[in-house]
J.: 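Structure in structure tokens, see below.
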There are 2 protein chains.
Amino acid sequence: MINSRVAVAVHILVLIASKPHDDLASEYIASSVNTNPVVIRRILGMMRKAGLIRTVAGKAGAALTRPASAITFLDVFQAVEPDNSLFAVHENPNPQCPVGKGILAVLEEAFSSAQAALEAKLSAQTIQDTLDRLFPER
Amino acid sequence: MINSRVAVAVHILVLIASKPHDDLASEYIASSVNTNPVVIRRILGMMRKAGLIRTVAGKAGAALTRPASAITFLDVFQAVEPDNSLFAVHENPNPQCPVGKGILAVLEEAFSSAQAALEAKLSAQTIQDTLDRLFPER
DNA sequence: TTACGTTGTAATTATAATGGTTACAGGAGA
DNA sequence: TCTCCTGTAACCATTATAATTACAACGTAA
């Protein structure tokens, strides 16, 4: 199972996008997510490095670097998930065995096409979509 | 990252389907995969419980319960991956917060549509396809 | 029947990822 | 200055994974 950082990161971005004021401290975000402020700051750091948000050290508040409609779940996924392969494969299958010799290449091709399908769906979901579903009345 | 059991399980099924020997012992499979025989027997057990293969205690060899063209990567994935949710979500977001209150429902919907896309691709790949790519000359 | 090889499975260990926590240096702003 | 905040290192507990040892139960050949 993929870790909950993706879910938490989306939660954070939705909070940032839905708050007009700039006083969104990690402590407040943590109380909404129900975790520790350091966990939040860690994920904020990953998203900052990925260029999704801007923060100022010492100053509460984070801002999106682009419209919520231009931040996709795939952007978030890649920001908080360092692995670029979704499926692990076993190391060093036996090259003396005809199956062992070629299996990894075939597996990697199959897995990457499946991963591409997942990523296509993730890139079709934006933070703005999430906001709209959360608050349809607005 | 998803564990390597899926990759190993496909490797095993391809070995069975390609029948290099009549009596495919876990020891032999392990030498092709490059791991321990118990790891192989554990995965064989999961696939047996999922109805993909048949084995006899005490007797070397495993057999597919249906044609290799009727066993998909999704069947394998579900056999060796007990979680039915691909993405984890954080537990107990704050219901007092408007975002915390509704975020999980929205996230789960988004994640499950992405997972469905992945599974659709996985179900379009069979063990026979893998065999054909591995040995195109046959 | 016995002997031997094999499966099925429990138990143990090592390693790594994850998430929670404490601690603290340093920035921002009143 | 004083206070709140961020960024980050360090540490811990929990869990998943994979490797490994051990052994009871089973199948087959003799």
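Note that this is a predicted model, so its numbers are computed, not measured. Letters go in sequence order (proteins before strands), and every chain restarts at 1.
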J.: Could you state the atom-to-atom distance from NZ of A:K59 to C1' of C:dA30 in whole Å?
T.: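 My rounded result for the distance is 13 Å.
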
J.: Using a 4.0 Å heavy-atom cut-off, does A:N3 contact any base of the nucleic acid, only the sugar-phosphate backbone, or nothing at all?
T.: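 The answer is sugar-phosphate, as A:N3 gets under 4.0 Å only of primed atoms, P, OP1 or OP2.
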
J.: With a cut-off of less than 4.0 Å, is there a side-chain N or O of A:R42 near OP1 or OP2 of C:dA17?
T.: no

J.: Given atom CG of B:N36 and atom C1' of C:dA11, what is their separation to the nearest angstrom?
T.: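 Atom-to-atom, B:N36 to C:dA11, this comes out as 14 Å.
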
J.: Would you please test A:M47 and A:I12 for side-chain contact (heavy atoms from CB on, under 4.5 Å) and show each step?
T.: CA-CA 10 Å; A:M47 293 199 286; A:I12 294 172; 4.0 Å; yes

J.: Just to verify, what does A:E81 make a side chain to side chain donor-acceptor pair (under 3.5 Å) with, not counting sequence neighbours?
T.: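 Listed in chain order: A:N3.
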
J.: Measure CD1/A:I2 against C1'/C:dG19 and give the value in whole Å, please.
T.: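 Going from CD1 in A:I2 over to C1' in C:dG19 covers 17 Å.
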
J.: From CG of A:N34 over to P of C:dG19, roughly how many Å is that when rounded to an integer?
T.: 14 Å

J.: Looking at B:E27, I'd like to know if its CD atom is crowded, meaning that more than 12 non-hydrogen atoms belonging to other residues, nucleotides or ligands lie closer than 6.0 Å.
T.: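 No.
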
J.: I want to verify a distance call: between C:dA23, C:dA28, C:dT7, whose nearest atom is closest to the B:R41 side chain?
T.: C:dT7

J.: What nucleotide among C:dT7, C:dG20, C:dA11 has an atom nearest to a side-chain atom of A:T35?
T.: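 My answer, after comparing the listed nucleotides, is C:dG20.
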
J.: Does anyone know the first and last nucleotide of DNA chain D in reach of chain B, 5' to 3', at under 4.0 angstrom to a heavy atom?
T.: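 Endpoints of the contacted stretch of DNA chain D: D:dT17 to D:dT28.
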
J.: Remember a base hit wins even if backbone is also touched, and classify A:R5 as base, sugar-phosphate or nothing at under 4.0 Å, heavy atoms.
T.: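 Here A:R5 touches the backbone only, sparing every base.
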
J.: Round to a whole Å and report the spacing from CD1 of B:I43 to C1' of C:dT9.
T.: 15 Å

J.: Using OP1 and OP2 only, check whether a side-chain N or O of B:R48 sits under 4.0 Å from C:dG8.
T.: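 True: B:R48 side-chain N/O within range (under 4.0 Å) of C:dG8 OP1/OP2.
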
J.: Which heavy atom of A:L104 sits nearest to which heavy atom of A:V89, and what is that distance?
T.: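 Closest approach of A:L104 to A:V89: CD2-CB, 3.9 Å.
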
J.: For B:E109, give me all partners under salt bridge (charged side-chain N to carboxylate O under 4.0 Å, His left out), at least two apart in sequence or on another chain.
T.: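 Result, salt bridge (charged side-chain N to carboxylate O under 4.0 Å, His left out) vs B:E109: A:R133.
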
J.: Let me know, please, whether A:M1 or A:G45 comes out on the 5' side of the other along DNA chain D by nearest nucleotide.
T.: A:G45

J.: Applying ring-ring contact (aromatic ring centres under 6.0 Å, His included) as the test, list every pair that has at least one member in residues 85-108 of chain B; sequence neighbours left out.
T.: A:H11-B:H90, B:F87-B:F111

J.: If an axis is fit to five pairs at each end of the helix from C:dT1-D:dA30 to C:dA30-D:dT1, what is the angle between the two, to the nearest 10°?
T.: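 That helix gives 10° between its end axes.
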
J.: With rounding to the nearest 0.5 angstrom, report the CG to CG distance, A:L15 to A:L24.
T.: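 One gets 6.0 Å once the value is rounded to the nearest 0.5 Å.
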
J.: B:L44 has an atom CG; how far is it from atom P of C:dT6, in whole Å?
T.: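 My rounded result for the distance is 14 Å.
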
J.: Show every salt bridge (charged side-chain N to carboxylate O under 4.0 Å, His left out) that has at least one partner inside residues 43-62 of chain A, sequence neighbours left out.
T.: none

J.: In whole angstrom, what separates A:E27's CD from C:dT21's P?
T.: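 To the nearest whole Å, that distance equals 12 Å.
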
J.: Taking A:D75 for the side chain and A:T72 for the main chain, is one N or O donor matched with an acceptor at less than 3.5 Å?
T.: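 Yes; at least one donor-acceptor contact below 3.5 Å.
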
J.: Provide, to the nearest angstrom, the distance between the NE2 atom belonging to B:H90 and the C1' atom belonging to C:dG20.
T.: 15 Å

J.: With heavy-atom distances below 4.5 Å as the criterion, would you say the side chains of B:D83 and B:S85 are in contact?
T.: no

J.: Judged by each residue's nearest nucleotide on DNA chain D, which is more toward the 5′ side, A:G61 or B:G58?
T.: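 Looking at DNA chain D, the more 5' nearest nucleotide goes with A:G61.
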
J.: Nearest-nucleotide wise, let me know which of A:S4 and B:V56 is further upstream toward the 5' end of DNA chain C.
T.: B:V56

